[in-house]
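What follows is a set of notes on a single structure, which appears directly below.
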Amino acid sequence: QKEVEQDPGPLSVPEGAIVSLNCTYSNSAFQYFMWYRQYSRKGPELLMYTYSSGNKEDGRFTAQVDKSSKYISLFIRDSQPSDSATYLCAMSPPGGSYIPTFGRGTSLIVHP
Amino acid sequence: GAVVSQHPSWVICKSGTSVKIECRSLDFQATTMFWYRQFPKQSLMLMATSNEGSKATYEQGVEKDKFLINHASLTLSTLTVTSAHPEDSSFYICSASNAASGGLKNIQYFGAGTRLSVL
């Protein structure tokens, strides 16, 4: 079992839909949880990060962490065609010496 | 803040030549930078961790003599692909974490990536 599991998709939704992207993990030491967006042939762009459990909201994006279930989610409200990209989750234990473990990414397609 | 600049964005070279890719943290100091390789529709593959002022740490299976990494300052790391061959063609991405950000050192900020095509 990989440390971080993420369904590669593709996930295809109509414009305006609410999108739910998810990752599961096995390492209970993970405390930092990040979501990146990667457009084709570009580097990943940090969307949001959370520390420990709870929710965090930024505009149309909400990140949710459920440590008891080892499950994290990214919700996108009112999805737009410009949201079409690959979304990668990443996570790490606390302490600056740890390199984040990345999921393989979920490809999202928002069609007009 | 937390901008990482990578260049060139695209390079085409002949087989047997060497190619240097630069990664700069523009508005923060990065004691550690990372180099990744990504094949089409696949996830990031960590190649090496670049430490300022010391030798890079390479992941298993990555040839250190093939992929030379230099991290001479707190804002610059370079990756040189030596004697490049067509199988080295790929998308290379660097990232950096902010040394001064306390617990947020775990957060990585990525460059835009370099597409290498070896003919």
Side-chain angles (χ1 to χ4, degrees), chain A residues 2-11 21 23-25 27 29-52 56 58 63 65 72 84-109, chain B residues 1-10 21 23-25 28-51 56-59 90-117:
Chain A
K2 288 185 180 178
E3 270 198 306
V4 178
E5 298 275 4
Q6 185 176 13
D7 188 330
L11 176 62
L21 302 163
C23 289
T24 58
Y25 63 95
N27 188 344
F30 287 150
Q31 294 278 359
Y32 285 94
F33 303 93
M34 294 147 275
W35 284 97
Y36 291 86
R37 177 176 62 195
Q38 186 178 21
Y39 291 113
S40 180
R41 296 180 176 174
K42 295 289 183 185
E45 169 196 8
L46 179 68
L47 278 178
M48 300 179 74
Y49 67 87
T50 53
Y51 177 76
S52 195
K56 188 173 184 179
D58 184 1
V65 174
I72 69 169
S84 299
T86 296
Y87 290 80
L88 298 106
C89 63
M91 44 197 85
S92 76
S97 61
Y98 292 99
I99 299 168
T101 302
F102 286 85
R104 59 178 297 184
T106 298
S107 175
L108 172 67
I109 301 167
Chain B
V3 178
V4 175
S5 172
Q6 182 176 345
H7 98 97
S9 58
W10 191 10
I21 303 169
C23 181
R24 293 180 185 271
S25 55
F28 65 98
Q29 293 185 329
T31 51
T32 306
M33 290 183 171
F34 306 88
W35 288 96
Y36 293 85
R37 185 171 180 176
Q38 188 176 39
F39 292 102
K41 300 197 177 184
Q42 294 197 22
S43 190
L44 304 167
M45 185 187 80
L46 180 65
M47 298 174 65
T49 302
S50 166
N51 302 295
T57 303
Y58 290 83
E59 296 299 300
S90 192
F91 191 56
Y92 294 88
I93 315 173
C94 71
S95 71
S97 55
N98 190 337
S101 63
L104 298 181
K105 279 183 228 172
N106 304 66
I107 310 296
Q108 289 190 21
Y109 299 91
F110 287 85
T114 298
R115 187 149 65 104
L116 172 62
S117 299

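Because only heavy atoms are used, hydrogens play no part in the values below, and waters and symmetry mates are left out as well, while side chains stay in. All chains are named by letter (A, B, ...) in the order of the sequence lines, taking the proteins before the strands, and each is independently numbered beginning at 1.
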Worksheet item: Is there a side-chain contact between B:I93 and A:K42 (heavy atoms, below 4.5 Å)?
Response: no

Practice prompt. Answer yes or no: is there a donor N or O on one side and an acceptor on the other, between the side chain of A:Y36 and the main chain of B:F110, under 3.5 Å?
Written response: no

Practice prompt. Check each atom of A:E45 against the heavy atoms of chain B and say whether the ones under 4.5 Å are side chain, backbone, both or neither.
Written response: neither

Worksheet item: Distance from B:L46 atom CG to A:T101 atom OG1, nearest 0.5 Å?
Response: 10.0 Å

Fill in: Rounded distance (nearest 0.5 Å) linking atom CD of B:Q42 with atom OG1 of A:T86
12.0 Å

Worksheet entry | Approximate separation, where rounding is to 0.5 Å, of B:S95 OG and A:L46 CG | 11.5 Å

Discussion item. Any side-chain to backbone donor/acceptor pair from B:S43 onto A:G103? Under 3.5 Å, distance only.
Written reply: yes

Response to the item:
From the list A:S40, A:P44, A:S92, the residue making the most non-hydrogen contacts under 4.5 Å with chain B is A:P44

Worksheet item: Among A:R41, A:Q6, A:M91, A:R104, who wins on heavy-atom pairs under 4.5 Å with chain B?
Response: A:R41

Worksheet item: Is it the backbone or the side chain of A:P8 that comes under 4.5 Å from a heavy atom of chain B, or both, or neither?
Response: neither

Discussion item. Please classify the contact of B:S9 with chain A as side chain, backbone, both or neither, using a heavy-atom distance under 4.5 Å.
Written reply: neither

Fill in: B:Y109 side, atom OH; A:M34 side, atom CE - distance, nearest 0.5 Å
9.5 Å

Worksheet item: Roughly how far apart are B:I107 CD1 and A:M48 CE, rounded to 0.5 Å?
Response: 11.5 Å

Discussion item. If I measure from the heavy atoms of chain A, does B:Q38 come under 4.5 Å with its side chain, its backbone, both, or neither?
Written reply: side chain

Discussion item. So, taking the atom named CG in B:L44 and the one named CD in A:Q38, what distance separates them when rounded to the nearest 0.5 Å?
Written reply: 6.0 Å

